[in-house]
Engineer: 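Quick one: the structure is below, questions incoming.
Computed from a predicted model, the values in this text were never measured in an experiment. Excluded from the calculations below are hydrogen atoms, water molecules and symmetry mates; all remaining heavy atoms, backbone and side chain alike, are included.
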Amino acid sequence: MCDSCHCNGNHDHQNVTIHHRSSHSHNHSQTEKTIRVERDVLDKNNTLGAANRAFFARQQILALNLVSSPGSGKTSILERTIRDVGRELTISVIEGDQQTVRDAERIQATGAEAIQVNTGTGCHLDAHMIQSALPQLKPTPHSLLFIENVGNLVCPALFDLGEAAKVVIISVTEGEDKPLKYPHMFRAASICVINKIDLLPYLDFDLALCKELARQVNPELIFFEVSAKNGDGFDNWYHWLRQEFLLINTVENS
């Protein structure tokens with residue numbers, strides 16, 4: 001169960017407990033009907049997410065929410081991306097982890113602005129955390145903001161942070177069936193980056209099968225196959241980033 005929202009994987013819900021009086025044979029001395037309706041955490045988050053999205057639109061900031069299981073290589077992908085395109089696009093990062101500032105320190109070492117959000121026992125970032133981090137980070141207008149979510153393929157799928165797109169990252173050291181096991185995440189994402197392709201010769205990972213299974217969940221997914229270790233495949237990823245950045249600035253200026 002997610003400690004920050006007590007969601008148990010379902011945010012659109014009511015907890016209903018009914019103790020009833022009836023005329024049937026066993027003895028009930030009284031009727032108790034207790035209905036407890038939990039606050040709709042997801043609705044509140046969506047309201048804040050919309051406010052974040054409006055802020056990003058006004059500032060012409062392309063915000064991307066990177067989600068994955070632990071160890072897929074999100075931070076390594078960010079480090080390489082910042083080093084390769086950081087001179088042409090201003091990039092800042094909000095890092096999400098339960099504890100430590102290790103990832104923020106890695107990003108700051110590239111020269112980019114970064115801020116760490118520790119969620120404690122929470123398993124995802126929410127819109128309020130992003131809203132609270134923005135005044136400290138002060139992302140530059142006309143810039144690119146990456147939000148590196150907590151490593152978790154469940155709860156982050158349900159929380160709108162105000163991002164332009166969710167980017168789900170998987171690596172070839174994981175099973176090809178991750179999209180079927182965690183369909184909500186792959187359904188919520190627009191982009192799927194498959195990392196560590198330099199390891200393909202040494203693994204039984206079936207790249208074509210993984211993409212086929214992901215398309216069963218979300219036929220609209222756009223794929224990028226990359227190696228954060230040697231840089232293979234990053235040109236296509238950078239081309240997409242530049243296109244999306246120009247699109248946001250063009251739309252906002254029209």
Engineer: Return yes if some donor-acceptor pair links the side-chain N/O of N149 with the main-chain N/O of V67 below 3.5 Å, else return no.
Structural biologist: no
Engineer: How far does CG of N236 sit from CG of L241, to the nearest 0.5 angstrom?
Structural biologist: 11.0 Å
Engineer: With sequence neighbours excluded, tell me which residues meet salt bridge (charged side-chain N to carboxylate O under 4.0 Å, His left out) with D177.
Structural biologist: K181
Engineer: Under the salt bridge (Lys or Arg N to Asp or Glu O under 4.0 Å) definition, can you give me all pairs with a residue in residues 164-173, not counting sequence neighbours?
Structural biologist: E163-K166
Engineer: If you compare all heavy atoms of K178 against all heavy atoms of S69, which two are closest, and at what distance to 0.1 Å?
Structural biologist: NZ-OG, 3.7 Å
Engineer: Among all residues two or more places apart in sequence or in another chain, which pass the side chain to side chain contact (heavy atoms under 4.5 Å, CB included) test with D232?
Structural biologist: I197, S227, N230
Engineer: Say whether, by atom type as modelled, one donor and one acceptor occur between the side chain of N249 and the main chain of F245 under 3.5 angstrom.
Structural biologist: yes
Engineer: Sub-3.5 Å donor-acceptor pair from the side chain of E174 to the main-chain atoms of S171, do we have one?
Structural biologist: yes
Engineer: Partners of S68 by side chain to side chain contact (heavy atoms under 4.5 Å, CB included), sequence neighbours excluded?
Structural biologist: S72, K74, I169
Engineer: Please name all residues satisfying side chain to side chain contact (heavy atoms under 4.5 Å, CB included) with L180, sequence neighbours left out, ordered by chain then number.
Structural biologist: L213, Q216, V217
Engineer: Which is it for F146 and T81 under the side chain to side chain contact (heavy atoms under 4.5 Å, CB included) test, yes or no, and what are the steps along the way?
Structural biologist: CA-CA 11 Å; F146 287 111; T81 299; 4.2 Å; yes
Engineer: L145 and I61: which non-hydrogen atoms are nearest, and at how many Å?
Structural biologist: CB-CG2, 3.8 Å
Engineer: What pairs with K196 under salt bridge (charged side-chain N to carboxylate O under 4.0 Å, His left out), at least two apart in sequence or on another chain?
Structural biologist: none
Engineer: Hey, can you tell me if F234 and Y238 have their rings parallel, tilted or perpendicular (30° and 60° cut-offs)?
Structural biologist: tilted
Engineer: Residues two or more places apart in sequence or in another chain: which of them pass side chain to side chain donor-acceptor pair (under 3.5 Å) with T47?
Structural biologist: none
Engineer: How long is the gap from CG on L144 to CG on L62, to the nearest 0.5 Å?
Structural biologist: 5.0 Å
Engineer: Hey, is the main chain of I94 close enough, under 3.5 Å, to the side chain of Q116 for a donor-acceptor pair?
Structural biologist: no
Engineer: After noting the C-alpha distance and the side-chain angles of D103 and L78, does the key distance pass the side chain to side chain contact (heavy atoms under 4.5 Å, CB included) rule?
Structural biologist: CA-CA 10 Å; D103 286 352; L78 281 177; over 6 Å; no
Engineer: Once rounded to the nearest 0.5 Å, what's the spacing between atom CD of E148 and atom CD1 of I77?
Structural biologist: 9.0 Å
Engineer: Sequence neighbours excluded and cut-off under 3.5 Å, please list the side-chain donor-acceptor pairs for residues 127-140, or say none.
Structural biologist:
residue: S132; atom: OG; partner: H128; partner atom: O; Å: 3.0
residue: K138; atom: NZ; partner: P135; partner atom: O; Å: 2.9

Engineer: Judged by atom type as modelled, is there a donor-acceptor pair below 3.5 Å linking the side chain of N218 to the main-chain atoms of A189?
Structural biologist: yes
Engineer: Which residue pairs pass the side chain to side chain donor-acceptor pair (under 3.5 Å) test when at least one of the two sits in residues 205-214, sequence neighbours left out?
Structural biologist: K211-E225
Engineer: Closest approach of F186 and C192, non-hydrogen atoms and distance?
Structural biologist: CE2-SG, 4.1 Å
Engineer: Quick one: do L207 and F223 satisfy side chain to side chain contact (heavy atoms under 4.5 Å, CB included)? Show the steps, please.
Structural biologist: CA-CA 11 Å; L207 186 60; F223 294 93; over 6 Å; no
Engineer: Using salt bridge (charged side-chain N to carboxylate O under 4.0 Å, His left out) as the criterion, list what pairs up with D160, not counting sequence neighbours.
Structural biologist: R53
Engineer: Please report the shortest heavy-atom distance between A228 and S76, naming the atom on each side.
Structural biologist: CB-CB, 3.8 Å
Engineer: Applying side chain to side chain contact (heavy atoms under 4.5 Å, CB included), can you list everything that pairs with A50, at least two apart in sequence or on another chain?
Structural biologist: none
Engineer: Is there any salt bridge (Lys or Arg N to Asp or Glu O under 4.0 Å) pair reaching into residues 75-96, and which pairs are they, with sequence neighbours excluded?
Structural biologist: E79-R106, E88-R242
Engineer: Return the CG to CZ distance between L221 and R215, rounded to the nearest 0.5 Å.
Structural biologist: 8.5 Å
Engineer: Just by distance, do the side chain of N118 and the backbone of D97 share a donor-acceptor pair under 3.5 Å?
Structural biologist: yes
Engineer: Specify the closest pair of heavy atoms between V168 and L153, including all atoms of both residues, with the distance to one decimal.
Structural biologist: CG2-CD2, 4.1 Å
Engineer: If you look at every heavy atom in F159 and L125, which pair is closest and at what distance?
Structural biologist: CB-O, 3.9 Å
Engineer: For E113, look at atom CD and say whether over 12 heavy atoms of other residues, nucleotides or ligands are found less than 6.0 Å away.
Structural biologist: no
